[in-house]
Amino acid sequence: MKVRTRFAPSPTGYLHIGGARTALFCWLYARKMGGTFILRVEDTDRERSTQASVDAILEGMDWLGLDYDEGPIYQTDRFNRYKEIVQQLLDEGHAYHCYCSKDELENLRNEQRAAKIKPRYDRRCLGKDSPHEGAESVIRFRNPQEGSVVFEDQVRGRIEISNSELDDLIIARTDGTPTYNLTVVVDDIDMDITHVIRGDDHINNTPRQINIFRALGKQPPLYSHVPMILGDDGKRLSKRHGAVGVMQYRDDGYLPDAVVNYLVRLGWSHGDQELFTREEMIALFALEDINKAPSAFNTEKLQWLNQQYIKEQDAEDVAKHLQWHFDHQGIDVSNGPALTEVIDALKERAKTLDELTVSARYFYEDFTVYNAKADKKQFKQGVDAILAALLTKLEVVEEWSIKPVYAAIMAVCDELELKLGKVGPPLRLAVTGTAMSPSLDVTLVLIGRERSLTRIQKAITYIQAKN
RNA sequence: GUCCCCAUCGUCUAGUGGUUAGGACAUCGCCCUUUCACGGCGGUAACCGGGGUUCAAGUCCCCGUGGGGACGCCA
């Protein structure tokens with residue numbers, strides 16, 4: 001049987017990190033098994049579903065490179081099908097109308113809670129015919145009362161829940177629209193889903209859904225419930241609490257491959273391996289290797305991973321993503337060195353593309369102020385003479401490339417009998433405005449001859465005026 | 001409250017009855033070094049508690065404790 005998995009988000013917000021990981025696992029498993037990965041949008045809650053959320057989810061999937069073979073399929077397009085099934089359930093006695101008002105149900109729940117028992121619908125409408133024609137009603141699934149539901153979770157093992165814990169859930173609202181537990185089952189059947197991989201907040205829904213499968217005479221898929229992701233502080237991630245959308249990671253300067261690598265290692269592992277190409281992930285992924293315990297999101301490790309990717313990934317590739325940040329920060333790239341050169345120069349000093357962009361600014365734009373601390377430390381009286389000597393030597397460098405530029409700097413050191421430690425820092429500050437940069441030869445070459453010389457001259461003037 | 005799930009360094013994890021409990025991030029120290037980094041070497045650091053089972057338990061069982069989830073005309 002060919003494997004078919006699905007990722008089924010509800011469009012009530014952006015694609016957050018937990019959802020992204022679930023999507024990744026579904027994708028990975030389908031790819032590994034040579035199966036089909038389906039994207040299904042669970043938008044039956046018309047109150048809260050928005051097009052903006054749908055777009056955000058699609059954008060997130062795309063950015064992460066999680067391509068789907070079928071979909072997006074929208075549940076709102078399938079209402080007729082759900083109605084059909086609800087009617088079938090009704091006809092076969094697996095469902096019934098319930099005329100209780102929301103208030104009535106609320107009261108029932110309160111009473112039950114007060115009596116310290118689990119709130120459950122008491123079937124007061126079962127077997128009741130319409131008390132008054134035209135009265136509003138919902139439709140409830142008639143859950144078995146005896147026995148229990150047992151399923152073999154692919155990551156947790158055997159899970160058994162007694163039917164006495166379950167009640168008759170609503171499968172169709174007053175307005176006739178279907179609810180989650182019904183639509184999931186109908187879709188999983190119609191789409192021939194073989195493996196359901198989802199968050200473990202759905203464990204409790206699973207037995208209800210299995211009962212619906214049975215009532216429909218269908219075989220339920222295999223379930224894998226993956227644990228939640230906690231925040232940096234160990235608390236549960238939620239929209240109110242640190243759960244940012246995946247696109248925020250793009251904005252913050254992370255490479256999608258790094259995010260995917262980080263995500264896959266959160267709850268899944270293959271021995272001691274930390275770095276995985278997509279091919280490796282696909283080849284090595286296994287549901288049994290998913291961890292049972294929830295894991296905390298650790299930004300520092302993501303940063304490390306991101307730097308690994310910035311360093312190791314093809315510069316051309318990184319440049320595409322870096323370009324976005326330059327555009328975003330309004331830096332004109334045509335006004336300086338090629339992005340790939342900047343990447344090679346800075347990749348060992350940036351954990352994010354965002355950082356890299358900020359520290360690459362002086363390659364493209366002139367700065368107006370020097371870093372205050374460095375200014376105080378380096379631009380002391382007499383340093384103008386060092387810079388003047390550098391200027392003299394650099395002006396006559398024939399080929400503005402690393403070796404000659406380096407030679408010129410060293411020549412000044414010899415001439416003034418100073419160590420590079422005395423000459424370098426002021427030069428660096430003069431041309432970059434900061435106390436840190438790649439090595440000076442590389443930095444000067446990337447900044448360019450004319451711009452470098454002008455900046456040195458400017459620094460000389462500045463120091464003289466200051467002291 | 002009831003039911004379900006979970007539990008190894010601060011964090012991500014390896015570990016499937018016998019290990020000096022391994023790796024990675026972070027952290028600390030040293031080395032490299034024109035700055036900042038990268039890198040290299042080394043260190044600190046964990047089996048939630050209590051009972052069993054067993055010659056032997058991080059690993060199996062039970063009970064606590066702690067955390068999470070569910071109990072919606074949300075998904």
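Reminder, nothing fancy here: chain letters follow the sequence lines and each chain counts from 1.
His94(A) meets the ring pair (Phe, Tyr, Trp, His ring centres under 6.0 Å) test with no other residue; sequence neighbours excluded. Taking the salt bridge (charged side-chain N to carboxylate O under 4.0 Å, His left out) definition, one finds that Glu111(A) meets it with nothing, sequence neighbours left out. Applying the salt bridge (charged side-chain N to carboxylate O under 4.0 Å, His left out) rule to Asp188(A) yields the partners Arg6(A), Arg40(A); only residues at least two apart in sequence or on another chain are considered. With sequence neighbours left out, the salt bridge (charged side-chain N to carboxylate O under 4.0 Å, His left out) criterion links Arg46(A) to no other residue. Legend: residues meeting salt bridge (charged side-chain N to carboxylate O under 4.0 Å, His left out) with Arg120(A), ordered by chain and number and at least two apart, are absent. For Arg113(A), the side-chain hydrogen bond (donor to acceptor under 3.5 Å, both in side chains) criterion is met by no residue, not counting sequence neighbours.
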Identify all pairs in which a protein N or O lies below 3.5 Å from an N or O of nucleotides 34-36 of chain B, and state each distance.
from	atom 1	to	atom 2	distance (Å)
rU34(B)	O2	Arg428(A)	NH2	3.2
rU35(B)	O2'	Ala435(A)	O	2.9
rU35(B)	N1	Arg428(A)	NH1	3.2
rU35(B)	O2	Arg428(A)	NE	3.3
rU35(B)	O2	Ala435(A)	O	3.3
rU35(B)	O2	Ser437(A)	N	2.9
rU35(B)	O2	Ser437(A)	O	3.3
rU35(B)	N3	Arg428(A)	NH2	3.1
rU35(B)	N3	Ser437(A)	O	2.4
rU35(B)	O4	Ser437(A)	O	3.2
rU35(B)	O4	Ser439(A)	N	3.2
rC36(B)	O2	Arg349(A)	NH1	2.9
rC36(B)	N3	Arg349(A)	NH1	2.4

Nucleotides 21-23 of chain B: which of its N/O atoms have a protein N/O under 3.5 Å away?
from	atom 1	to	atom 2	distance (Å)
rG22(B)	N2	Asp272(A)	OD1	2.6
rG23(B)	N2	Glu274(A)	OE2	3.0

Every protein N/O lying under 3.5 Å from an N/O of nucleotides 4-7 of chain B:
from	atom 1	to	atom 2	distance (Å)
rC5(B)	O2'	Arg156(A)	NH1	2.2

So which protein nitrogen or oxygen atoms get under 3.5 Å of nucleotides 61-65 of chain B's nitrogens or oxygens?
none

Do any N or O atoms of the protein come closer than 3.5 Å to N or O atoms of nucleotides 40-50 of chain B, and which pairs are they?
none

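Among the atoms of the strands shown, only primed sugar atoms or phosphate atoms (P, OP1, OP2) are found under 4.0 Å from some heavy atom of Asn291(A). Residue Gly267(A) is in sugar-phosphate contact alone, with no base atom involved, counting any heavy-atom pair closer than 4.0 Å across all strands shown. Lys118(A) comes within 4.0 angstrom of a nucleotide base, judged by non-hydrogen atoms across all strands. Looking at heavy-atom distances under 4.0 Å, Arg120(A) makes no contact with the nucleic acid at all. Nucleic acid contact class of Lys422(A) (heavy atoms, under 4.0 Å, all strands): none. Counting any heavy atom pair closer than 4.0 Å across all strands shown, His202(A) reaches a base atom.
Remark: rU65(B) base-pairs with rA7(B). Criterion, Watson-Crick or G-U wobble with two distances under 3.5 Å.
The gap from the C1' atom of rA21(B) to that of rA57(B) amounts to 13 Å, rounded to the nearest Å. Rounded to the nearest Å, the gap between the P atom of rG67(B) and that of rG40(B) is 40 Å. Taking the P atom of each, rU27(B) and rU11(B) are spaced 16 Å apart, rounded to whole Å. Rounded to the nearest Å, the gap between the P atom of rC63(B) and that of rC41(B) is 48 Å. One C1' atom belongs to rU65(B), the other to rG50(B), and the distance between them is 10 Å to the nearest Å. Using P as the reference atom, rG29(B) and rG68(B) are 35 Å apart when rounded to the nearest Å. For the C1' atoms, the distance linking rA45(B) with rC3(B) amounts to 38 Å, nearest Å. Atom C1' of rU8(B) sits at a distance of 15 Å from the matching atom of rA24(B), rounded to the whole Å.
A salt bridge links Asp167(A) with Arg208(A): the distance from a Lys NZ or Arg NE/NH1/NH2 to an Asp or Glu carboxylate oxygen falls below 4.0 Å.
Listed here is the closest heavy atom pair of Val431(A) and Arg455(A): O-NH1, 2.8 Å.
For an aromatic pair to be called close, the ring centres must be under 6.0 Å apart, and Tyr180(A) with His202(A) satisfies this.
Distance from the side chain of Ile170(A) is smallest to rG72(B) among rG72(B), rA75(B), rG39(B). For Thr44(A), the side-chain atoms get nearest to rA75(B) when compared with the rest of rA75(B), rG39(B), rU2(B).
One cannot find a donor-acceptor pair under 3.5 Å joining the base of rA75(B) and the side-chain atoms of Asn181(A).
In this pair, Tyr370(A) and Tyr462(A) present their aromatic rings tilted. The plane angle is within the 30 to 60° band. In this pair, Phe285(A) and Trp268(A) present their aromatic rings tilted. The plane angle is within the 30 to 60° band.
Tyr14(A) places no side-chain N or O within donor-acceptor distance of the main-chain N or O of Ala52(A), the cut-off being under 3.5 Å.
The phosphate of rU13(B) (OP1 or OP2) has a side-chain N or O of Ser295(A) nearer than 4.0 angstrom.
Among residues at least two apart or in separate chains, salt bridge (Lys or Arg N to Asp or Glu O under 4.0 Å) pairs with a member in residues 289-302 of chain A are Glu274(A)-Lys301(A).
Annotation: Glu47(A), atom CD; neighbour count of heavy atoms from other residues, nucleotides and ligands within 6.0 Å does not exceed 12.
Ser137(A) and His97(A) form a side-chain donor-acceptor contact under 3.5 Å, judged by distance and modelled atom types alone.
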